[in-house]
Chemist: 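Got a structure for you, written out below as structure tokens; questions coming shortly.
Heavy atoms only: backbone and side chains are in, while hydrogens, waters and symmetry mates are out. In listed order, ligands and their atoms are each counted from 1.
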Amino acid sequence: MRKQIAAANWKMNLTLQEAKNLAASISSQQVDSGAGHSVLVAVPFPYLSAIQEILRSNSGFHVCAQNLAATRNGAYTGEVSASMLQSMSISYALVGHSERREYYHETNDVLAEKINRALECGINPVFCCGEPLSIREVGSQNSFVERQLNDSLSHLRAEQINGFIIAYEPIWAIGTGKTASSEQAQDMHHTIRNWVANRYNPQIADSISILYGGSVKAANAEEIFGKPDVDGGLVGGASLIPEEFKAIISSLKKG
Ligand code: PGA
């Protein structure tokens, strides 16, 4: 069975001490690795080492970067490269979160480069996609997301995309308290898996973990994660509350 993943996205929140306390608290949660469960915690760059150290006590937990540079190295003040993350034994990074796309103008083409940089350094990208409200309102969400996949992922070879992680996050549901219905999530996850099956093959499509993101909380996680093509979630606000996130981890599909 493909991996079922609960991913926390702390965004630009918490002091170092608050971050350490939160990591210590959530990492006491049992993770059923036998059922293919794992937990990612996407933390701000300066906290990667400290949080990695704390999460080491629970083998089901992995620290994750929130971004990486599209370029390899050199005169790019303020950027963090994939090889820097690799040298710190970081093996996951979010790529293309909608906040990066919107506020930092990351295009599908730039994101294709970021994916390449990650893979070159043995980092598993968590590729984020999803439509804005205006696109959902005219019913064009499937072709919009397919375009994001085409532009940023279709250059990859089959062995590069095997076991890949994609997060579907409808922008209108992020931080708004407005969750997509579990049917809307399933419909889009099915569309994404079909895209992979058509571009590559059904076996590879079946190996891909597709996470849902957008106002996931303890109260709705089990219903959303229960859908056949939903393999866990990418969680912002609720991941800052230990009891909420622990309940979300225990809502991952059992098999
Ligand atoms: P949210 O954020 O859970 O606060 O809606 C999700 C995300 O942006 O990854």
Chemist: Would you say the side-chain atoms of S81 and N73 include a donor-acceptor pair closer than 3.5 Å?
Modeler: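 Result is no, nothing qualifies.
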
Chemist: Give the contacting part of A173 toward ligand 1: side chain, backbone, both or neither, where contact means a heavy-atom distance below 4.0 Å.
Modeler: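 Answer for A173: backbone.
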
Chemist: Please list, one pair per line, the donor and acceptor atoms closer than 3.5 Å that link side chains of residues 31-41 to other protein atoms, with sequence neighbours excluded.
Modeler:
{"unit_1": "D32", "atom_1": "OD1", "unit_2": "G34", "atom_2": "N", "d": "3.4"}
{"unit_1": "D32", "atom_1": "OD1", "unit_2": "A35", "atom_2": "N", "d": "3.3"}
{"unit_1": "H37", "atom_1": "NE2", "unit_2": "K253", "atom_2": "O", "d": "2.5"}

Chemist: Any idea which part of N9 is under 4.0 Å from ligand 1, heavy-atom wise: side chain, backbone, both or neither?
Modeler: side chain

Chemist: For residues P132 and F144, determine if any side-chain heavy atom of one lies less than 4.5 Å from a side-chain heavy atom of the other.
Modeler: yes

Chemist: Does G175 come within less than 4.0 angstrom of ligand 1, counting non-hydrogen atoms of the residue?
Modeler: yes

Chemist: Quick check: is L85 connected to F164 through a chain of hydrophobic side chains (ILVMFWY, heavy atoms under 4.5 Å apart)?
Modeler: yes

Chemist: Looking at ligand 1, is there an atom of it that comes within less than 4.0 Å of some heavy atom belonging to H97?
Modeler: yes

Chemist: Does one side chain, of K114 or S152, offer a donor that lies under 3.5 Å from an acceptor on the other?
Modeler: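 No donor-acceptor contact under 3.5 Å links the two side chains.
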
Chemist: With a cut-off of 4.0 Å, which atoms of ligand 1 are near a heavy atom of G237?
Modeler: 1 (P), 3 (O), 4 (O)

Chemist: Which ligand 1 atoms does K11 reach within 4.0 Å, using its non-hydrogen atoms?
Modeler: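 Those atoms are 2 (O), 7 (C), 8 (O).
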
Chemist: Quick one: which residue pairs count as a salt bridge (Lys or Arg N to Asp or Glu O under 4.0 Å) with a foot in residues 144-165, not counting sequence neighbours?
Modeler: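 Listed once each, the pairs are R147-D151, R157-E159.
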
Chemist: Looking at ligand 1, is there an atom of it that comes within less than 4.0 Å of some heavy atom belonging to G213?
Modeler: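 For ligand 1, residue contact (heavy atoms, under 4.0 Å) with G213 is absent.
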
Chemist: Show the atoms of ligand 1 that are less than 4.0 angstrom away from any heavy atom in G214.
Modeler: 5 (O)

Chemist: Number the atoms of ligand 1 from 1 as they appear, then name those within less than 4.0 Å of a heavy atom of E169, with their elements.
Modeler: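 Listed by number with element, the hits are 6 (C), 7 (C), 8 (O), 9 (O).
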
Chemist: Can you spot which of I5, L94, N9, I166 makes a side-chain contact (heavy atoms from CB on, under 4.5 Å) with V126?
Modeler: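 In the set I5, L94, N9, I166, the residue that makes a side-chain contact (heavy atoms from CB on, under 4.5 Å) with V126 is L94.
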
Chemist: Polar contacts were defined as any N/O atom of the residue lying under 3.5 Å from an N/O atom of the ligand; does this apply to G236 and ligand 1?
Modeler: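 Looking only at distances, the answer is yes, because the N/O contact criterion of under 3.5 Å is met.
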
